[in-house]
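The next block holds one structure in the form of structure tokens; read it before the comments.
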Amino acid sequence: MPILLYRVDERLIHGQVVLGWGSRLRPTRYLVVDDAVAASDWEQELYRLALPDGVEALFLPVAAARGHLPEWQASDAPSVLLTRSVEAMHALALGGSLRGEAVNLGGVHHGPGRERVLPYLHLSPEESGWVEAMAGEGVEVTAQDLPSSARIPLADLLE
């Protein structure tokens with residue numbers, strides 16, 4: 001199976017992802033694309049503690065992950081791909097790498113320069129531009145915090 005979920009979530013691997021999405025999608029692998037975490041063994045170990053037995057996690061910087069996308073998309077291992085930032089997901093989508101895929105904006109919290117879009121989604125003008133650019137690359141962008149919540153389409157997010 002290919003990548004089951006592409007998700008932007010600042011908390012990366014945590015209860016909402018593992019229990020909410022994981023129990024529904026049943027991935028055997030989490031692909032964490034984040035430059036800082038890819039360089040930190042102790043953070044990687046901390047994130048692995050949140051995973052159920054038998055589920056693995058791979059941690060790669062954005063540049064390396066771009067090269068692995070075709071392999072992951074063709075893999076038999078059902079996977080969830082996570083980025084901490086909209087910028088990182090946008091970098092993965094450049095050049096049509098995610099064309100035809102759906103990206104879930106699931107947890108981008110309040111911060112400097114960000115405005116509230118939804119209770120769990122705050123975007124800066126630059127981040128909104130990256131979201132629009134992903135859509136321009138053929139990516140379906142929606143927001144949804146949990147699988148039981150309604151999916152909010154991009155047109156409703158950027159009104």
Side-chain angles (χ1 to χ4, degrees), residues 1-94 97-98 101-124 126-127 130-131 134 139-152 157:
M1 294 186 96
I3 298 170
L4 304 172
L5 175 68
Y6 295 85
R7 181 177 170 92
V8 178
D9 193 317
E10 290 177 329
R11 296 175 291 172
L12 298 172
I13 297 173
H14 62 97
Q16 196 174 46
V17 168
V18 174
L19 296 175
W21 291 97
S23 64
R24 169 123 356 144
L25 299 174
R26 306 231 183 268
T28 60
R29 178 173 66 178
Y30 286 86
L31 306 165
V32 178
V33 179
D34 185 85
D35 292 348
V37 176
S40 174
D41 291 338
W42 75 267
E43 283 183 273
Q44 291 176 30
E45 188 56 35
L46 191 62
Y47 282 118
R48 283 187 178 102
L49 291 173
L51 296 175
D53 289 340
V55 175
E56 71 173 323
L58 301 177
F59 301 89
L60 282 95
V62 175
R66 276 188 53 81
H68 286 283
L69 277 172
E71 166 195 337
W72 293 337
Q73 291 165 332
S75 174
D76 290 335
S79 303
V80 169
L81 186 146
L82 301 166
T83 66
R84 183 188 314 262
S85 68
V86 175
E87 180 180 18
M89 191 65 78
H90 169 257
L92 290 176
L94 288 173
S97 296
L98 300 183
E101 302 289 354
V103 167
N104 167 258
L105 303 176
V108 180
H109 300 94
H110 182 70
R114 287 181 174 163
E115 295 198 21
R116 179 185 166 154
V117 178
L118 296 167
Y120 56 88
L121 181 63
H122 297 75
L123 297 173
S124 69
E126 187 173 34
E127 290 166 326
W130 289 324
V131 167
M134 282 191 284
V139 177
E140 178 192 2
V141 181
T142 61
Q144 185 177 10
D145 56 347
L146 290 167
S148 58
S149 301
R151 277 183 8 158
I152 312 297
L157 296 175

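Computed from a predicted model, the values in this text were never measured in an experiment. Positions are given from 1 along the sequence.
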Distance check, rounded to the nearest 0.5 Å: [X] atom [atom1] versus [Y] atom [atom2]?
| X | Y | atom1 | atom2 | value |
| --- | --- | --- | --- | --- |
| S85 | E127 | OG | CD | 8.0 Å |
| L69 | S97 | CG | OG | 5.5 Å |
| E45 | S40 | CD | OG | 11.0 Å |
| I13 | L51 | CD1 | CG | 4.5 Å |

Under the side-chain contact (heavy atoms from CB on, under 4.5 Å) rule, collect the residues that match up with H68, sequence neighbours excluded. L60, E71, W72
My understanding is that only residues two or more places apart in sequence, or in another chain, count here; which of them pass side-chain contact (heavy atoms from CB on, under 4.5 Å) with E140? A102, T142, R151
Test your reading of the model: is there a side-chain donor-acceptor pair from [X] to the backbone of [Y], 3.5 Å cut-off?
| X | Y | answer |
| --- | --- | --- |
| Y30 | F59 | no |
| S148 | L146 | no |
| R66 | L94 | yes |
| Q44 | A38 | yes |
| R11 | G107 | no |
| E43 | L46 | no |
| R29 | L58 | no |

Can you list the steps and then say if V141 with L105 is a side-chain contact (heavy atoms from CB on, under 4.5 Å)? CA-CA 7 Å; V141 181; L105 303 176; 3.8 Å; yes
Enumerate the residue pairs fulfilling salt bridge (Lys or Arg N to Asp or Glu O under 4.0 Å) with a member in residues 32-41, sequence neighbours excluded, ordered by first and then second residue. D34-R84
Please name the pair of heavy atoms, one in [X] and one in [Y], separated by the smallest distance, quoted to 0.1 Å.
| X | Y | result |
| --- | --- | --- |
| V139 | L98 | CG2-O, 3.5 Å |
| T28 | A77 | OG1-CB, 3.8 Å |
| G22 | P27 | O-CD, 3.5 Å |

Side-chain touch E101/I3, heavy atoms, less than 4.5 angstrom: no
Would you say L118 and D145 make side-chain contact, with heavy atoms under 4.5 Å? no
Check step by step if side-chain contact (heavy atoms from CB on, under 4.5 Å) holds for V131 and M89. CA-CA 9 Å; V131 167; M89 191 65 78; over 6 Å; no
Within a radius of less than 6.0 Å around CD of E115, do more than 12 heavy atoms belonging to other residues, nucleotides or ligands occur? no
After noting the C-alpha distance and the side-chain angles of V80 and W21, does the key distance pass the side-chain contact (heavy atoms from CB on, under 4.5 Å) rule? CA-CA 9 Å; V80 169; W21 291 97; 5.8 Å; no
